[in-house]
Amino acid sequence: MAQVDVEMPKMGESITEGTVIAWHKQPGDEVEQDEILLEIGTDKVDTEVPSPKGGVLTETLVEEGDTVEVGAIIATLDTDTAAAEVDADDAPPAEAPADDEAAADEAADDASDADAEDDADAEATPRKADSEEAASPASSGDEVEVVMPKMGESITEGTVVAWYKDIGEAVAIDETILEIGTDKVDTEVPSPAEGVLTEKLVEEGETVEVGTVVALLASEAEAGSVEPPASDEPDATQETAPEADEAELPSTPPSGDGAVPDADEPQRAPEETITRRGDDGRFYSPLVRSIAKEEGLRMSELESLEGSGRGGRVTKEDVLAYLDEREEAPAAPASAPERPPRPGRSDEGPPARGDYTVDEGPSDEELRQQYGDRIEVQPMDRMRKMTAEHMVRSKATSAHVTSFAEADVTGLVQLREANKEAFREREGVKLTYTPFFVKAAVEALREHPLLNASVEGDKIVIKHDFHVGIAVAIGNKGLLAPVIRNAGDYNVSGLARKAANVAERARNKELQPDELQGGTFTVTNIGSLGSLMGTPIINQPQVGILATGAIQKRPVVVENDGLGDAISVRHMMYLSLSYDHRIIDGAMGSSFLQRVVTELESFSADADLF
């Protein structure tokens, strides 16, 4: 048998692992070369993995939901054409066949993802041991672990925002089990297998490291066969027992002194406590919650703190500093009767990064009472929610100003028309206007370095590498801005290849996480959609974004080599630059735009740029 190993592919320059989202093929299935075997992903992109050879899938070494390192062997193929050598009925979907168990163990030992799984198992062992009897129905089938997935390049932990399933409920493969999040993104975690949820190992509001086992499934148990025991969430039960303080937090360890909030607030239910994301949209780490509980702080006090951590998170130092100030100024009692208003309102100033969240809003029934029955209510998907949050945060963070200019791009149009066919034959991609716009933006950035900067507190960080994001529309779902790194190192031909490549992969959900991060400036070609001009919103933490409008033929007045003015039909377009008025004034914004115009008008039909 000619065996071929399938490895976890590289997901980006600094990405070292990926999560198996779904297997498209099962052991015993015939596959052709380049046919999709499985789908892997991170918090930003999902990627389909094609088969390296044609043959029969003999073994899958990792399960759906497993996070494994790049280069790890995740499956094996028999490249012989006789599919009868593998009986699909005898091969479990996620476990190695009994006859090949030793070989599977050896392959798993060689793969670095096995180490990650062992670490996760070791962390979860105490909780699993305590609840094995309660989850005994799992013995009727394979036990499947649900792990905290990787949430990005520099993210090492995630917080359970909400559980969508209860113990004993049946779940279908890819059905959402829980929602997790960080200060950057909230993500729904799908079930890696079909079965019954037998155990939750992490509570809502709890923050755990990537790779930690958060739940267990019994793949062959029947719904209803698993009854939630009286102590299905041991910590919560112990802390809410009659002998404990009524307002103790479900997932916070006992503090010892059991500080009790004001007795006149019995309506403060556990789901409204510090263990959940606050009304200000921020997560509070277990350490912060523990200190707050020890010191008798209330939720309203935590929400009133200005966090110094990533994304405005409240850190240990923030809480301790607040406690010191409170001791020095006892006139400001800890039990302030009024909760501060929600961030994002116009009378509060800009919210901290990560503070703004999209409210659920009124129910469908309330909307119909308000607008009548002839309406259609569509919930926002996650991409729309994230876009809404980022855009509102950007407007609240940067003082947006937009300047406009007009360019005569007749020479550019002639240059493209004269070269587009030969370019397609030589390079294999279309020659669009985008690489010319990026090239012009880079040349303007060289002379206006403040437009290639970011604002960090009271400091301006000027970047000397030009990582230009290009906005790509993803149908009706929204848009992404993949980044062309080191755009200043490429000519128009190189930029054209780069732009075509990332745009195609963005629309096919094949982008790697690194390609959506680290941009220093953004160009959005709104003209490709027919818009003449626009006022784009800055992509934080950048300080500028250039919008290029539609190119149209218009009669304009031109100088005719000393013979006087003349009216001529020219290809004209509008440019608009939105910039952060905190560090970019109008003179610099206008100067940048004029430099872009000069660069675009310098192209001519006989230019040699390829």
Side-chain angles (χ1 to χ4, degrees), residues 7-16 18 21 33-52 70 152-153 383 412 415-416 419-443 445 452 463 465-475 477-529 539 542 545-548 603 609-610:
E7 297 182 352
M8 175 66 69
K10 189 169 179 62
M11 292 286 289
E13 178 180 350
S14 58
I15 302 302
T16 60
I21 297 174
Q33 185 172 356
D34 295 330
E35 188 176 4
I36 302 303
L37 285 177
L38 72 156
E39 187 175 1
I40 59 178
T42 68
D43 63 319
K44 291 186 176 294
V45 294
D46 297 339
T47 303
E48 295 175 336
V49 178
S51 174
V70 169
E153 175 184 349
M383 180 176 287
L412 172 59
L415 173 62
R416 175 179 176 270
N419 290 274
K420 64 180 183 180
E421 294 301 330
F423 187 86
R424 181 199 286 268
E425 293 179 3
R426 182 174 67 253
E427 305 293 344
V429 297
K430 291 182 179 180
L431 179 60
T432 67
Y433 290 110
T434 296
F436 296 96
F437 299 153
V438 173
K439 178 69 172 176
V442 168
E443 296 307 316
L445 289 172
N452 202 56
K463 304 358 178 350
D465 294 320
F466 304 109
H467 303 320
V468 180
I470 56 173
V472 178
I474 312 298
K477 292 185 177 181
L479 59 83
L480 297 174
V483 177
I484 300 177
R485 298 192 179 278
N486 300 306
D489 296 344
Y490 299 98
N491 59 13
V492 171
S493 182
L495 290 172
R497 291 193 299 271
K498 288 285 186 180
N501 180 269
V502 296
E504 180 181 4
R505 289 189 291 113
R507 298 185 179 102
N508 294 332
K509 296 173 58 178
E510 296 174 351
L511 280 178
Q512 298 174 352
D514 280 356
E515 295 172 300
L516 292 168
Q517 303 179 30
T520 60
F521 188 83
T522 298
V523 175
T524 175
N525 184 7
I526 61 175
S528 63
L529 303 176
N539 186 11
Q542 301 168 25
I545 179 172
L546 176 69
T548 56
F603 294 115
L609 298 173
F610 310 107

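What you see is a predicted model; the values in this text were computed from it and never measured. All values below come from the heavy atoms of this structure, side chains included, with hydrogens, waters and symmetry mates left out.
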Item to check | Separation between CG of N486 and CG of D465, rounded to the nearest 0.5 Å | outcome: 5.0 Å

Checklist entry - Would you call T434 and S528 a side-chain contact if the rule is heavy atoms closer than 4.5 Å? => result no

Next on the checklist: Quick check: do I484 and F466 have side-chain heavy atoms less than 4.5 Å from each other?
Outcome noted: no

Item to check | Nearest atoms (heavy-atom pairs only) where A496 meets P435 | outcome: N-CB, 3.6 Å

Item to check | Side-chain touch L412/F437, heavy atoms, less than 4.5 angstrom | outcome: yes

Checklist entry - What's the shortest heavy-atom distance between I526 and A547, and which atoms? => result CD1-CB, 4.0 Å

Item to check | Parallel, tilted or perpendicular, as decided by the 30° and 60° cut-offs, for the rings of F436 and Y433 | outcome: tilted

Item to check | Test log, rule side-chain contact (heavy atoms from CB on, under 4.5 Å), inputs V523 and V468 | outcome: CA-CA 7 Å; V523 175; V468 180; 3.9 Å; yes

Checklist outcome for this item: Here the pair of heavy atoms bringing A471 nearest to T524 is CB-OG1, 3.5 Å

Checklist entry - Atom CD of Q542 and atom NE2 of H467: how far apart are they, to the nearest 0.5 Å? => result 11.0 Å

Next on the checklist: Show the nearest heavy-atom pair for residues E515 and V502, with the distance to one decimal.
Outcome noted: OE2-CG1, 4.1 Å

Checklist entry - Would R497 and N501 count as having a side-chain donor-acceptor pair, cut-off 3.5 Å? => result no

Item to check | For the student: nearest non-hydrogen atoms of P9 and V70, plus distance | outcome: O-CG2, 3.6 Å

Checklist entry - If you round to the nearest 0.5 Å, how far is CZ of R507 from CG of L479? => result 11.0 Å

Checklist outcome for this item: Between S493 and E427 the two heavy atoms that sit nearest each other are OG-OE2, 3.4 Å

Next on the checklist: To the closest 0.5 Å, what do you measure between CD (E421) and CZ (R416)?
Outcome noted: 9.5 Å

Next on the checklist: Quick check: do V483 and R485 have side-chain heavy atoms less than 4.5 Å from each other?
Outcome noted: yes

Item to check | Atom CD of E35 with >12 non-hydrogen neighbours under 6.0 angstrom | outcome: yes

Next on the checklist: Any non-hydrogen side-chain atom of R424 less than 4.5 Å from a side-chain atom of K430?
Outcome noted: yes

Item to check | CG-CG distance between L495 and D489, expressed to the nearest 0.5 angstrom | outcome: 9.5 Å

Item to check | L546 CG to T522 OG1 distance, which is reported to the nearest 0.5 Å | outcome: 10.0 Å

Item to check | Side chain to side chain, V49 and E39, heavy atoms closer than 4.5 Å | outcome: no

